[in-house]
> 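Structure provided below as structure tokens; questions to follow.
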Amino acid sequence: MKTRIYKISEDISEGEYDYIKEAADVIRKGGLVAFPTETVYGLGGNALNPESSKLIYGAKGRPSDNPLIVHISDFNEIYQLVRELPDIAGILAEKFWPGPLTMILKKSGIVPYETTGGLDTVAVRLPDNPVALALIKEAGVPIAAPSANRSGKPSPTTAQHVYEDLSGNIDIILDGGSVQIGIESTIIDLTGNVPAILRPGYINQNMLDSILGDVVRDPAIDNKVEGDIKPKAPGMMYRHYAPEGELTIVEGDISAVTDKINELIRLYDENTVGVITTTENRRRYNYGTVVCIGSRNDEITIAHNLYAVLRDMDKCKIKHIFIEGFSNEGLGDAIMNRIIKAAGHRILKV
Ligand code: TXA
Ligand code: MG
């Protein structure tokens, strides 16, 4: 299959809208379309068609017990997807939708188990991106979309990333440029007695607490999941967001961190070792491939650049990558969560 790529600007000109129509038609006929959202690019298919969901798993090389997020373009589209809608879902939607929040709810009969990985619950999100919203609206069906990367790789934040991973396996890529946020949506489970965060994201615990009172944090977020314990978000179980090289986080007092990284990198051939650093520390390294992810004071930029930087390390064929640790405050929580997963929990405290 030849993958077609269409550039679309945020204000979607009349000519560009023809691409949306073509892509919507592909979705309705059971094909796959990658599209931008405000978090990362998604790989979309008709959420109500079990065959489309099977195609998504195939194209990503993803285990079929890892459920997909169902994207809608208007709040009213949620009613057909869920068996019951708790009041707090409406409150959260009012506050954060369209936006980077995914809600887990009890699914209705029309959502196939192929889409939910066999679960009786469904993940629903209303994204904040004009191209995504136009595509869903024009398709006339909710769109199931995981991140548009090969399973296990860093999520795509540009159409080029999608092309590298999935070209030849999907019909269309809608290229809306670089995404806004750069890490996946916050997932909140509303099916239990107390709302629970299953995956941290741009909408952080404080923002949710301030509206819902106490929100719990699923313990699987912070633990290495071993043995038979199944985390509530099955996706948290797999090695994730990972570059091909071996990533190690070095944490602690910043000058001890830079000293330690400088010591460690010299154990390797200069062509195979890399450092992911910050504007503040950039000049402290002069060995191997050194990439700056942004300033420590600017978490928005760090989140935005994280996956692209990990992919750049792969392009340079770096085998050993060292990254400085970041604070866990605010967006830092989601940033550290993704880095820890990418590092397979390899953390060095100095
Ligand atoms: O920002 C995002 O959420 C992006 C964009 C494309 O919307 N999508 C995304 O999808 O990150 P994906 O498939 O890469 O991650 C979905 C996560 C997985 O960890 C999955 O296990 C969890 O959501 N999930 C989906 N449905 C669930 C359910 N019914 N119960 C618990 N977890 C669920
Ligand atoms: Mg993903």
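In listed order, ligands and their atoms are each counted from 1. Side chains included, hydrogens not; waters and symmetry mates left out as well; all remaining heavy atoms used.
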> Using 4.0 Å as the upper bound for N to carboxylate O, is an ion pair formed by R217 and D333?
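Yes, charged N to carboxylate O under 4.0 Å.
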> Is it true that K107 lies under 4.0 Å from ligand 1, counting heavy atoms only?
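In this structure, K107 fails to qualify as a contact of ligand 1 - no heavy atom is under 4.0 Å.
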> Give the atom numbers and elements of ligand 1 that come within less than 4.0 Å of a heavy atom of T39.
1 (O), 2 (C), 4 (C), 5 (C)
> Quick one about S255 and D253 (side-chain donor to acceptor, distance below 3.5 Å, no hydrogens or angles considered), yes or no?
yes
> Where does I187 meet ligand 1, judged by heavy-atom distances below 4.0 Å: at the side chain, the backbone, both, or neither?
side chain
> Is the closest N or O pair between T37 and ligand 1 shorter than 3.5 Å?
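Checking ligand 1 against T37, no N or O pair falls under 3.5 Å apart.
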> N/O/S atom of S147 under 2.8 Å from the Mg ion (ligand 2), yes or no?
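An N, O or S atom of S147 is closer than 2.8 Å to the Mg ion (ligand 2), so yes.
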> Quick one: is the NZ or CZ of K107 closer than 6.0 Å to the six-membered ring centre of Y113, and within 45° of its axis?
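Yes, a cation-pi geometry.
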> Please tell me whether S327 and R296 have a donor and an acceptor in their side chains that are separated by less than 3.5 angstrom.
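Judged by distance alone, the side chains do not pair up.
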> Which ligand 1 atoms, with their elements, are less than 4.0 angstrom from a heavy-atom of H71?
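Those atoms are 5 (C), 6 (C), 7 (O).
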> Taking only heavy atoms of S185 into account, list the atoms of ligand 1 that are under 4.0 Å away from them.
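In order of number, 1 (O), 2 (C), 3 (O).
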> Would you mind running through ligand 1 and noting each atom that sits below 4.0 Å from a heavy atom of I69?
3 (O), 8 (N), 9 (C), 10 (O), 16 (C)
> With a 4.0 Å cut-off on heavy atoms, is T116 in contact with ligand 1?
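Heavy atoms of T116 never come under 4.0 Å of ligand 1.
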> Quick check on the hydrophobic clustering: are V257 and I293 connected, directly or via other members, by side-chain heavy-atom contacts under 4.5 Å?
no
> Is the closest N or O pair between K60 and ligand 1 shorter than 3.5 Å?
no
> Answer side chain, backbone, both or neither: which part of T121 comes under 4.0 Å from ligand 1, heavy atoms only.
both
> Mark up the atoms of ligand 1 that fall under 4.0 Å of a heavy atom belonging to P67, in ascending order.
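Taking each heavy atom of P67 in turn, ligand 1 has 20 (C), 21 (O), 24 (N), 25 (C), 26 (N), 27 (C), 28 (C), 33 (C) under 4.0 Å.
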> Check the pair V290 / R282 against side-chain contact (heavy atoms from CB on, under 4.5 Å), numbers first and verdict last.
CA-CA 8 Å; V290 182; R282 172 65 190 88; 3.4 Å; yes
> Parallel, tilted or perpendicular: which one describes the rings of Y268 and F322, with boundaries at 30° and 60°?
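Correct class here is tilted.
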> Side chain, backbone, both or neither: which part of M103 has a heavy atom under 4.0 Å from ligand 1?
neither
> I need the atoms of ligand 1 closer than 4.0 Å to a non-hydrogen atom of L119, numbered in the order shown.
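Once the distances to L119 are compared, the set is 28 (C), 29 (N), 30 (N).
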> Counting each atom of ligand 1 from 1 as listed, which ones have a heavy atom of G42 under 4.0 Å away?
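Matching atoms, with element in brackets: 6 (C).
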> Under a plain distance cut-off of 3.5 Å, with no hydrogens placed, do Y6 and E22 share a side-chain donor-acceptor pair?
yes
> Assess the side chains of T115 and S53: does a donor N or O sit below 3.5 Å from an acceptor N or O?
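On atom types as modelled, these side chains qualify, holding a pair under 3.5 Å.
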> Under a plain distance cut-off of 3.5 Å, with no hydrogens placed, do R125 and T37 share a side-chain donor-acceptor pair?
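Result is yes, a qualifying pair exists.
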> Record the part of D189 in heavy-atom contact with ligand 1 below 4.0 Å; permitted values are side chain, backbone, both and neither.
neither
> Is it the case that ligand 1 has an N or O less than 3.5 angstrom from some N or O of R125?
yes
> For N281 and E324, which I'm curious about, is there any donor-acceptor pair between the side chains at under 3.5 Å?
yes
> Could you list the atoms of ligand 1 found under 4.0 angstrom from a heavy atom of R199?
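Those atoms are 2 (C), 3 (O), 9 (C), 11 (O), 15 (O), 16 (C), 17 (C).
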> Mind checking whether E184 has an N or O less than 3.5 Å away from an N or O of ligand 1?
no
> When you check the side-chain N and O atoms of S295 and D298, is any donor under 3.5 Å from an acceptor?
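Per modelled atom types, S295 and D298 side chains form no pair under 3.5 Å.
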